[in-house]
Amino acid sequence: MLTGWRDFDDTLRTLDLLQRRFDRAFDGWTERGPRVARSTRAAWPLTNVFETKEAFLVKAEVPGLADGDVSVTVEEDALVVRGERKIEVPSGYRVHLRERAPVAFTRKLPLPGRIDADAVTATLDRGVLTVTLPKAKDTLPRQISVTTSKEPRS
C-alpha cells in the first residue's frame, strides 16, 4: 500500500514541475503577444550625478572597496570608474555561503557638460566614491558689470 502513495507523490511532483515549466514558457506573453524581456541586471556601481553652479558631482556606491581598488579617469566626453572587489578566503577557513561575489567593473558615464579635467578630485568615504568635476571656466556664468555712459544723449 505504501508504494501506491509514493507513486501518487511522484505524480503530484511531476504535475507541479510541468505547471512551473508552462508558467515559465508563457511568462513573457500578454494579451497582445509576446513581450520583449528587459534586462533586470542593474548597472554597478549605483550612481547619482548632481550639478551645482560650479561643478558636477558624481556619487557612486562601492561598498567594501579601498582606495587602491578603484580608479577614476576622464576620457574624452566621459567619466570612467573602474574597480575590482576581491573576496579572499582566509587561510584555514572553508566557505559555507558566498553571497558577496568578487566583481570587476567598468562604468562609463557621459559628462553632462564641459569640465576642467585637471581639477577633478575623487574621495572614498564609508563605501561612497565622490568625484567632483569642476566646470570649465569658459562655461561658468560670468557677471558683467553695467556702467553709466558719460556721453551725452542725442
Side-chain angles (χ1 to χ4, degrees), residues 1-137 139-141:
M1 281 196 147
L2 292 176
T3 58
W5 284 107
R6 190 176 312 141
D7 292 341
F8 185 69
D9 285 343
D10 288 342
T11 304
L12 288 178
R13 218 174 286 118
T14 303
L15 287 173
D16 183 52
L17 179 63
L18 183 63
Q19 178 67 48
R20 281 188 267 149
R21 287 187 178 172
F22 272 116
D23 289 345
R24 253 183 289 153
F26 295 105
D27 189 35
W29 287 78
T30 63
E31 292 177 9
R32 296 186 200 119
R35 182 179 61 202
V36 177
R38 286 185 285 171
S39 173
T40 57
R41 185 175 170 215
W44 202 88
L46 298 175
T47 305
N48 290 335
V49 180
F50 304 99
E51 181 177 3
T52 66
K53 193 165 67 169
E54 299 85 24
F56 299 104
L57 195 67
V58 177
K59 289 187 175 264
E61 294 179 0
V62 289
L65 272 61
D67 297 350
D69 299 331
V70 181
S71 73
V72 178
T73 56
V74 176
E75 298 175 4
E76 297 176 12
D77 293 336
L79 174 71
V80 181
V81 180
R82 289 183 179 88
E84 183 175 8
R85 180 175 63 196
K86 300 172 187 165
I87 306 295
E88 297 176 9
V89 179
S91 177
Y93 286 76
R94 290 184 310 156
V95 176
H96 286 277
L97 175 66
R98 182 174 289 187
E99 293 179 342
R100 295 184 63 230
V103 63
F105 64 90
T106 299
R107 183 87 192 263
K108 189 171 187 176
L109 301 165
L111 295 173
R114 290 191 28 211
I115 63 157
D116 181 3
D118 295 329
V120 174
T121 60
T123 58
L124 185 61
D125 183 33
R126 292 181 288 177
V128 177
L129 175 69
T130 303
V131 182
T132 305
L133 304 147
K135 293 180 180 178
K137 300 288 183 214
T139 63
L140 292 174

Acceptor/donor pairs from residues 95-110 side chains to any protein atom, 3.5 angstrom cut, sequence neighbours excluded:
unit_1	atom_1	unit_2	atom_2	d
Arg107	NH1	Pro45	O	2.6
Arg107	NH1	Thr47	OG1	3.2

Roughly how far apart are [X] [atom1] and [Y] [atom2], rounded to 0.5 Å?
X	Y	atom1	atom2	result
Leu111	Phe56	CG	CZ	8.0 Å
Thr132	Phe50	OG1	CZ	12.0 Å
Glu54	Lys135	CD	NZ	8.0 Å

Can you give me every donor-acceptor pair (side chain of residues 118-129, partner residue at least two apart or in another chain, under 3.5 Å) with its distance?
none

Are side-chain heavy atoms of [X] and [Y] found at a separation under 4.5 Å?
X	Y	result
Trp44	Arg85	yes
Val49	Leu57	no
Arg13	Leu15	no

- Message: One pair to check against side chain to side chain contact (heavy atoms under 4.5 Å, CB included): Val58 and Leu133. What are the steps and the verdict?
- Response: CA-CA 8 Å; Val58 177; Leu133 304 147; 3.8 Å; yes

Just distance, no hydrogens or angles: give the donor-acceptor pairs under 3.5 Å from side chains in residues 59-84, sequence neighbours left out.
unit_1	atom_1	unit_2	atom_2	d
Asp69	OD2	Ala66	N	3.0
Thr73	OG1	Glu75	OE2	3.3
Glu75	OE2	Arg82	NH1	3.3

